[in-house]
Amino acid sequence: MEQFAALLRSKDKQPVRYLVVDDSVFARKNITKMIETFGGQVAGEAGDGCTAITEYDRTRPDVVLMDITMPQMEGIEAAERIVRNHPEARVIMVSSVGYQENIVTALQKGARHFVQKPVKPEVLYEVIKYVLGEDAVAAAGAAAGEKQ
Amino acid sequence: MRMELIQPFINAADAVLAETLQCSTKIGDVAMEEEAYRRKGTAAIIHIHGDIEGRVIFDLDNATAAKVAAYLAGEPVGESADIIRETVFELANQIIGNAVTTLNDQGFRFKIAPPELHSDELGEKSNEEQEALVMCFDTANGSVYMNIAMRYNRRRRQERAVVAG
């Protein structure tokens, strides 16, 4: 897999922490692999919207990568609840269902961005960088996985 | 055969398979299905209800599914029934999601049921109202079969036209 300049938190230069939410084990594994190539750390995983909310409270990640179509509670509702309780939460929707209505609804409910599946690592990397803004720095000359 | 309804699924399957497996794909055999569908390996069926009605079946033999699973997970995985089923479901979800995106942006409104395991050896027969198209996508990792039967829901469109008018 392609390597990227490690994304670190500006405040303490520690790896960005992620919560990965998807009902598919494969999708979670795949995204976790990508996060590793971005120099990030998976703080938690969830397979449905309800668990995502409790995992957010427990882990307080920097970024949530959230699927939409899931059992029990869908991703958009989970994103809305997380953002209602934590306005600073950065939720990126990651779904194969990317029609305009869906994207607009997700953004209205508090999601910061949308990435369509199948996920291209370079697209996800840029979106994460954009969403984190000044709260993250790309470690110059350091590929993810190398010691900082 | 409503090709305008089916084309988005073909395009989506082509794009998702190429991206997921990081290889080129080729559409192999294409046939109108007259007899009941005969399952090839592990299959997922997805039903669609709304302005468009029908169903799509994705079917992979176990060896192909194991290779796809390894790509999806980014590492080698086993060949257990759970892994195979999860692979077929995830692939089906991604393809359907992409096709739905195209159709929804064209103004069609419908609901997609989550994938179900299609475990019967033989599926239901197609009919005049809803002909089925079976196609095979050849990839370097094996073949993926898609069986698709789709039609307009006239009553639903008439209801929407009445509401709009």
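To find a chain, count down the sequence lines: A is the first, B the second, and so on, and within it residues start at 1. As a basis for the values below, the full set of heavy atoms in this structure was taken, side chains included, without hydrogen atoms, waters or symmetry mates.
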Which bit of Asp23(A) is near chain B, if near means a heavy-atom gap under 4.5 Å: side chain, backbone, both or neither?
backbone
Which pair of heavy atoms, one from Glu19(B) and one from Val119(A), lies closest together, and at what distance?
OE2-O, 4.4 Å
Count I, L, V, M, F, W, Y as connected when their side-chain heavy atoms are under 4.5 Å apart, and connections chain through other members. Are Val56(B) and Ile52(B) then in the same cluster?
yes
Go through the steps to decide whether Phe26(A) and Ile83(B) satisfy the test side-chain contact (heavy atoms from CB on, under 4.5 Å), and finish with yes or no.
CA-CA 9 Å; Phe26(A) 287 121; Ile83(B) 286 173; 3.6 Å; yes
Under 3.5 Å: donor-acceptor pair, side chain of Ser96(A), backbone of Asn93(B):
yes
Heavy atoms only: give me the nearest Leu72(B)-Asn30(A) pair and the separation to one decimal.
O-CB, 2.9 Å
Phe114(A) and Met34(A): same hydrophobic cluster, using ILVMFWY side-chain contacts below 4.5 Å?
no
Take atom CG in Asp29(B); do more than 12 heavy atoms of anything else shown fall under 6.0 Å from it?
no
When hydrophobic residues are tied together by side-chain contacts of less than 4.5 Å, even through go-betweens, does Ile92(A) share a cluster with Val83(A)?
no
If Ile, Leu, Val, Met, Phe, Trp and Tyr residues are connected whenever their side-chain heavy atoms lie under 4.5 Å apart, and connections chain through other members, are Leu19(A) and Val131(A) in the same group?
no
Take atom CD of Gln100(A) as the centre, draw a 6.0 Å sphere, and report whether it contains more than 12 heavy atoms from other residues, nucleotides or ligands.
no
Do Val63(A) and Ile82(A) share a hydrophobic cluster (ILVMFWY, side-chain heavy atoms under 4.5 Å, transitive)?
no
Verify side-chain contact (heavy atoms from CB on, under 4.5 Å) between Gln116(A) and Gln94(B), making sure each step is shown before the conclusion.
CA-CA 9 Å; Gln116(A) 189 161 15; Gln94(B) 290 198 14; over 6 Å; no
If one checks every heavy atom of Ala69(B) against chain A at 4.5 Å, the contacting part turns out to be both
For Pro118(A) against Asn98(B), the heavy-atom pair lying closest together:
CD-ND2, 4.0 Å
Surrounding NZ of Lys67(B) (heavy atoms of other residues, nucleotides or ligands, distance under 6.0 Å), is the total greater than 12?
yes
How far does CD1 of Ile112(B) sit from OG1 of Thr69(A), to the nearest 0.5 angstrom?
9.5 Å
In terms of heavy-atom proximity below 4.5 Å to chain A, should Leu103(B) be classed as side chain, backbone, both, or neither?
neither
Name the region of Thr87(B), side chain, backbone, both or neither, that has any atom closer than 4.5 Å to a heavy atom of chain A.
both
Using the rule given for side-chain contact (heavy atoms from CB on, under 4.5 Å), can you reason through Glu101(A) versus Arg109(B), listing the C-alpha separation, both sets of side-chain angles and the distance that settles it, and then say yes or no?
CA-CA 11 Å; Glu101(A) 266 178 34; Arg109(B) 297 291 176 268; 2.8 Å; yes
